[in-house]
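Each remark here refers to the structure printed beneath this line.
Atom set for the values below is all heavy atoms of this structure, side chains included, hydrogens, waters and symmetry mates excluded. Note that ligands are numbered from 1 as they come in the structure, with each ligand's atoms numbered from 1 the same way.
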Amino acid sequence: MKFDILTLFPEMFDSVLGASILNKARERELISINKVDIRDYTKDKHNQADDYPYGGGAGMVMKPEPIFEAVDDLKIEEGTPLIFLTPQGKTLDQKMAKEFAKEDRLVLLCGHYEGIDQRVRDNLVTHEVSIGDYVLTGGELPAMVLIDAVSRMVPEVLGSEESAIEDSFYNGILDFPNYTRPQSYRGIEVPDILLSGNHGKIATWRRKKALEETLLRRPELLKKVQLSKEDKGLLEEIKKEMEEGANG
Ligand code: 6GU
């Protein structure tokens, strides 16, 4: 997967992309990152990438020419997504990350200031993506979030394939609780079932806990996923236990 990042702040990406799994993925050439400084495509002596809005009003708008010229230089093949990170975009989710991971190349455009000249959105941008309902100072952090979410879905980026498959949200529901040594810490014990060595029972317990966490914290997710007959049985048990807990 090749990422091209169009940004006014290329240095912001160094720490995130230079550490941990993403750095290993880069070293193994499973992903590559090309940062493009939009300011390098400005022509005036102040290297101005923004300007006053036509029609007046507060705030500055990103100028079209440096962005168009930077995109020209990328020599993008037809069909390559050009993603503008903006709070106006569609909210990133796991399904979207998985879809983007199928591409060979993604171009990410990070917005700043009050906005961007509409001609960029109308003529270059193919997708607009937000990372949630809150406002950030720019599209750089969202671009890094997108790169992380997409890269870990690229084959071989994660150590073992299961770590992606069994993860939270991969199945559309929340994760089950995890424990490691010591077995007893400050008098707090690891659940006996996990020490039983009975893999069938452990799998059922984990599924039940995952369903319970999801029912308690994110019940709307249960409406979106395909539940097996066993899942439905476990959910019935959970609800019954919750009622018993409330009444007794
Ligand atoms: Cl993509 N950009 C900005 N500036 N703020 C955001 C966002 C994007 N997603 C959530 N908040």
Side-chain angles (χ1 to χ4, degrees), residues 1-19 21-22 31 33-42 47-55 57-68 70-71 74 76 80-103 105-154 167-169 174 217-218 220-221 224:
M1 168 70 73
K2 177 171 188 188
F3 296 97
D4 299 279
I5 309 165
L6 303 170
T7 173
L8 291 165
F9 301 96
E11 69 284 356
M12 280 181 74
F13 291 85
D14 295 342
S15 63
V16 169
L17 305 178
I21 292 173
L22 293 183
I31 64 170
I33 309 233
N34 171 37
K35 293 178 290 176
V36 177
D37 190 340
I38 294 170
R39 215 173 293 280
D40 290 345
Y41 288 86
T42 56
N47 296 120
Q48 220 177 309
D50 61 337
D51 207 338
Y52 296 99
Y54 273 119
M60 300 294 272
V61 176
M62 285 173 77
K63 290 165 65 62
E65 311 97 300
I67 298 172
F68 271 86
V71 170
L74 290 178
I76 307 170
T80 299
L82 195 154
I83 304 165
F84 177 43
L85 286 309
T86 167
Q88 272 88 51
K90 186 168 178 236
T91 309
L92 179 67
D93 62 13
Q94 193 58 36
K95 184 167 160 236
M96 200 192 291
K98 242 188 282 182
E99 287 301 312
F100 282 141
K102 293 177 188 164
E103 302 286 344
R105 186 179 189 186
L106 295 174
V107 181
L108 307 180
L109 172 59
C110 304
H112 250 273
Y113 312 118
E114 290 309 300
I116 195 163
D117 190 281
Q118 185 64 27
R119 288 165 290 189
V120 171
R121 295 172 81 178
D122 291 344
N123 297 282
L124 296 177
V125 170
T126 63
H127 298 72
E128 297 197 340
V129 173
S130 162
I131 61 164
D133 291 338
Y134 42 83
V135 181
L136 301 168
T137 55
E140 281 76 14
L141 287 167
M144 289 183 237
V145 167
L146 188 145
I147 291 169
D148 190 297
V150 170
S151 295
R152 64 189 292 293
M153 300 313 295
V154 169
D167 249 347
S168 215
F169 278 108
L174 302 185
R217 298 175 188 219
R218 299 290 306 278
E220 78 282 7
L221 294 176
K224 291 197 224 164

Tabulated below should be the N or O atoms of ligand 1 paired with protein N or O atoms at under 3.5 Å; can you produce that?
unit_1   : atom_1 : unit_2 : atom_2 : d
ligand 1 : 4 (N)  : L136   : O      : 3.1
ligand 1 : 5 (N)  : L136   : N      : 3.1
ligand 1 : 9 (N)  : S130   : OG     : 3.3
ligand 1 : 9 (N)  : I131   : N      : 3.0
ligand 1 : 11 (N) : Y134   : O      : 2.5

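A salt bridge is absent between K95 and D93; no separation between the charged side-chain nitrogens and carboxylate oxygens falls under 4.0 Å.
For R105 against L74, the heavy-atom pair with the smallest separation is NH2-O, 3.1 Å.
With sequence neighbours excluded, no residue forms a salt bridge (Lys or Arg N to Asp or Glu O under 4.0 Å) with K224. Legend: residues meeting ring-ring contact (aromatic ring centres under 6.0 Å, His included) with F100, ordered by chain and number and at least two apart, are H127.
For residues 6-15, every residue pair satisfying the salt bridge (Lys or Arg N to Asp or Glu O under 4.0 Å) rule, not counting sequence neighbours, is listed here: D14-K35.
Side chain of T126 to backbone of L82: a donor-acceptor contact under 3.5 angstrom is found.
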